[in-house]
Amino acid sequence: MNPDAAMRAAIEQADRVKGRTYPNPPVGAVILDRDGEVAGVGATSPAGGPHAEVLALRRAGGRAVGGTAVVTLEPCNHFGRTPPCVDALVAAQVSSVVYAVSDPNPAAAGGATRLAEAGVDVTAGVLADAVGSGPLREWLHKQRTGLPHVTWKFATSVDGRSAAADGTSQWITSEAARADVHRRRAAADAIVVGTGTIFVDDPALTARLPDGSLAENQPLRVVVGQREISPDARVLNDDSRTMVIRTRDPHEVIKALSDRTDVLLEGGPTLAGAFLRAGAIDRILAYVAPILLGGPITAVDDVGVLSIAHAQRWRFDGTDALGPDVLLSLKPA
């Protein structure tokens, strides 16, 4: 297996643990033996558990000697809840380490230098874009800005309607699209909606598996707004924890969630408009169904644009087919 193929396998490992490693980043690792065969794989454990490299080395055993470690993030070089991963790699006698993204955390950085000083051949930047826009997108944003990464997720008809004229919206998109939403919920730290969504839809805001059961990881449910919600609202059930924030200010919401990394905004058009006007959205995920609804109910309200010259500019960074629907991923231009 060449380094690119091994890195793709490491990315798959990282994707599997998203939402379960907080506050650590979701990292994947693959150990190749001397012959380039996969000897062990691993991904970051929940906080306090082994890091990806350590798990992969354990599974590789003696086959790691003279082999290559392929990791999505530069191996850490500091003592936290666990010892430095560079020590484990040197002790395992790997001959080379390949990683995608350098660690931006000054406290943990320097792993590549330590490895090189120990005689390990180090290669950086392999599939860095795929890792940076994939499993480490939100964590890297948090490292750069100190703020959680906010993704606005919505479903719409091809003409931009989030519901029919009578208010019905279940279901605009297909089962495949809804399954993708639940997968992303299970990987998120928090889901944010406004009180209006609670009154209209009474959602549970849980992450569910295809069979309808609760996913292992449930994000924090966050309700924002100044109206009181019913104590019988489904969002207050025991399926997950819930935070109620009495504000309409997106910046206050983000401040209240400053200890989180990956935040999904799932509110209605009013809340989405407020976050867009505040410049508080880092990514848009639009699930677009090939149906026409017409009518007055759009996916977003006023975003402060008075003319085409002042339009908010975004650019596509990914498209996926989900059954009959299309998922569009956008980031600020």
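Numbers here are sequence positions counted from 1.
The 12-atom threshold is not exceeded at CD of E216, counting heavy atoms of other residues, nucleotides or ligands nearer than 6.0 Å. Crowding of R248 atom CZ: a count of heavy atoms from other residues, nucleotides or ligands under 6.0 Å not exceeding 12.
With S96 as the fixed residue, the side chain to side chain donor-acceptor pair (under 3.5 Å) test singles out one of T68, D121, T123: T68. For the side chain to side chain donor-acceptor pair (under 3.5 Å) with T270, the lone residue among T197, D301, T195 that qualifies is D301. Tested against T173, the residues L327, V326, D325 include a single side chain to side chain contact (heavy atoms under 4.5 Å, CB included) partner, D325.
Side chains of D249 and T247: no donor on one and acceptor on the other come within 3.5 Å.
Within the 3.5 Å criterion, the main-chain N or O of A233 finds no donor-acceptor partner in the side chain of D202. With hydrogens and angles ignored, the 3.5 Å screen pairs no side-chain donor or acceptor of T151 with any backbone N or O of R283.
The minimum heavy-atom distance linking V41 with R59 is given by the pair O-NH1, 2.7 Å.
The CG atom of D201 lies 11.0 Å from the CD atom of E266; values are rounded to the nearest 0.5 Å. Distance check: F154 CZ to L285 CG gives 9.0 Å after rounding to the nearest 0.5 Å.
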- Item | Chi angles and distances behind the side chain to side chain donor-acceptor pair (under 3.5 Å) call for N237, D239 | CA-CA 6 Å; N237 65 23; D239 290 342; 3.3 Å; yes
